[in-house]
Amino acid sequence: MVVARGSCPFGLWHVHVVWSGDLVMQVRFLRVPAERPAPPAFRRYCAGDRDALSGFLSVATEGDTTYARIYRTVQAIPYGRTATYGEVAAAAGTGPRVVGNAMRANPTPLVVPCHRVVAKGGIGGFTPSVEVKQALLSMEARRG
DNA sequence: TAAAAACCGCGGG
DNA sequence: CCCGCGGTTTTTA
């Protein structure tokens with residue numbers, strides 16, 4: 001299995017992707033670009049294409065662990081919509097803080113759209129910066 | 001290793 | 001403001 005790495009810009013950030021075919025192993029937001037480009041679908045998503053990432057799978061959703069169930073629940077949240085940590089927790093059969101832990105540890109943001117999971121009384125957190133989450137949500141709100 | 005404590009991108013009282 | 005929650009990570013022995 002051949003693994004590729006590349007990035008595409010998103011605002012002041014660069015979306016770094018590690019993937020093999022349609023399976024994504026890692027997505028990270030860094031301030032510097034990679035040497036090679038990310039898959040065109042990621043560039044299109046960053047430009048506002050709502051369905052650009054629909055063909056990708058995440059390694060995070062594989063298996064039958066609690067986190068994998070949470071990631072599958074989150075992946076089902078449609079573009080332009082949000083769910084609270086508590087709602088995701090209820091659907092996955094666990095508690096809200098566990099969902100927060102899982103989001104923080106999410107190896108593949110965007111593919112597993114953790115930015116669509118918000119706190120009941122606020123936006124919630126994001127790694128590396130909640131500004132990225134805010135930018136993603138407002139982009140999806142404009143398009144969605 | 002194994003057990004305990006600490007840690008949280010939360011929520012309800 | 002505080003406390004329960006529960007999976008994971010870190011600390012301690």
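Between the P atom of C:dG6 and the OH atom of A:Y67 lies a distance of 14 Å, rounded to the nearest Å. Computed from coordinates, the A:N106 CG to C:dG7 P distance equals 18 Å when rounded to whole Å. A straight line from CZ of A:R104 to P of C:dG7 spans 15 Å, rounded to a whole angstrom. The separation between A:E87 atom CD and B:dG12 atom P is 10 Å, rounded to whole Å. Taking atom NZ on A:K120 and atom P on B:dG11, their separation rounds to 8 Å, with Å as the unit. For A:Q134 and B:dG9, the CD to P distance is 18 Å, given to the nearest whole Å. The distance from atom CZ of A:R69 to atom P of C:dT8 is 10 Å, rounded to the nearest whole Å. What separates OH of A:Y85 from P of B:dC10 is a distance of 5 Å, to the nearest Å.
A:R97 contributes a side-chain N or O that forms a donor-acceptor pair with the base of C:dG4 under 3.5 Å.
Considering all non-hydrogen atoms of both residues, A:R5 and A:R36 come closest at O-CB, 3.6 Å.
Taking for each of A:A105 and A:N101 the nucleotide of DNA chain C with the nearest heavy atom, the 5'-most of the two is the partner of A:N101. Residues A:P96 and A:G93 each lie close to DNA chain C; by heavy-atom proximity, the contact nearer the 5' end of the strand is made by A:P96. In terms of position on DNA chain B, the residue among A:A119 and A:V98 whose nearest nucleotide sits closer to the 5' end is A:V98.
Contact annotation: the side chain of A:R116 approaches that of A:Y79 to within less than 4.5 Å [non-hydrogen atoms, C-beta and beyond]. Residues A:M25 and A:S20 form a side-chain contact, since some pair of their non-hydrogen atoms from C-beta on lies under 4.5 Å apart. The shortest side-chain heavy-atom distance between A:F29 and A:P109 falls under the 4.5 Å cut-off. A heavy-atom distance below 4.5 Å is found between the side chains of A:V74 and A:M103.
Side chain of A:T127, nearest nucleotide from B:dG9, C:dG6, B:dG11: B:dG9.
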Each base of DNA chain C marked ( ) or [ ] if paired in-strand (Watson-Crick or G-U under 3.5 Å), | if paired to another strand and . if unpaired gives ||||.||||||||
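Residue A:T65 is out of contact with every strand shown, counting any heavy-atom pair closer than 4.0 Å. Backbone-only engagement by A:G86 is indicated by non-hydrogen atom pairs under 4.0 Å involving sugar-phosphate atoms exclusively.
A distance below 6.0 Å separates the ring centres of A:F56 and A:F42.
A close approach under 4.0 Å does not occur between any side-chain nitrogen or oxygen of A:K133 and OP1 or OP2 of B:dG9.
Looking at A:E140, A:Q134, A:K133 one by one, the single match for side-chain hydrogen bond (donor to acceptor under 3.5 Å, both in side chains) with A:H115 turns out to be A:E140.
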